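A short worksheet on the structure shown next.
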Amino acid sequence: MEGIEIIDFQPEGYKPLVDYESWRVAVLKFCDDLLIENVKTMQKHLYTDEVFVLVQGHCTLFLAGEGDKPGKITAVHMEPHKIYNIKKGTWHNHIMDTDGEVVIVENRDTCDDNSPILPLDEAQIKELYAAAK
């Protein structure tokens with residue numbers, strides 16, 4: 001059909017679906033990396049906010065401040081069809097259940113080069129588990 005692009009979602013994990021000028025729309029579906037026992041890092045984006053929209057299932061966002069390294073970890077249990085805008089410079093990560101599906105909108109040039117990832121220490125991992133409850 002002319003004038004429209006229709007794209008199927010992938011079965012699991014993160015996949016950019018549409019890049020247009022300066023923005024990107026992606027989908028994140030459950031994969032083993034999103035189990036709480038596999039979350040060992042935090043990431044922040046230096047130049048862009050990142051928008052999450054829960055479509056189905058359960059997803060918990062973890063936030064850890066804006067400093068040089070992750071700080072106190074807090075959890076936000078997402079509700080379907082609400083927009084969660086994580087501000088640039090905010091350390092974050094997330095977990096998801098097997099039915100989880102999230103739409104992500106971010107700058108097209110968001111990548112590892114401008115999105116540092118740091119490991120969590122043992123105390124921070126315990127804090128993450130406590131925040132998830």
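Note that this is a predicted model, so its numbers are computed, not measured. Basis for what follows: all heavy atoms, side chains included, without hydrogens, waters or symmetry-related copies.
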Check whether any side-chain heavy atom of [X] lies under 4.5 Å from a side-chain heavy atom of [Y], and answer yes or no.
X     : Y      : answer
Ile73 : Trp91  : no
Phe30 : Leu35  : yes
Leu28 : Leu34  : yes
Lys40 : Pro119 : no
Tyr20 : Val25  : no
Gln43 : His45  : yes

Rounded to the nearest 0.5 Å, how far does [atom2] of [Y] lie from [atom1] of [X]?
X      : Y      : atom1 : atom2 : answer
His58  : Glu101 : NE2   : CD    : 14.0 Å
Thr41  : Leu118 : OG1   : CG    : 8.5 Å
Arg108 : Asp19  : CZ    : CG    : 4.5 Å
Glu127 : Lys72  : CD    : NZ    : 5.0 Å

Non-hydrogen atoms of [X] and [Y] that approach each other most closely:
X      : Y     : answer
Met96  : Lys29 : SD-C, 3.9 Å
Tyr129 : Glu37 : OH-CA, 3.1 Å
Tyr84  : Glu79 : OH-N, 2.7 Å
His94  : Leu61 : CB-CD2, 3.9 Å

Inset, instruction - Count the heavy atoms belonging to other residues, nucleotides or ligands that lie under 6.0 Å from CD1 of Ile83, then report whether that count exceeds 12. - result: no
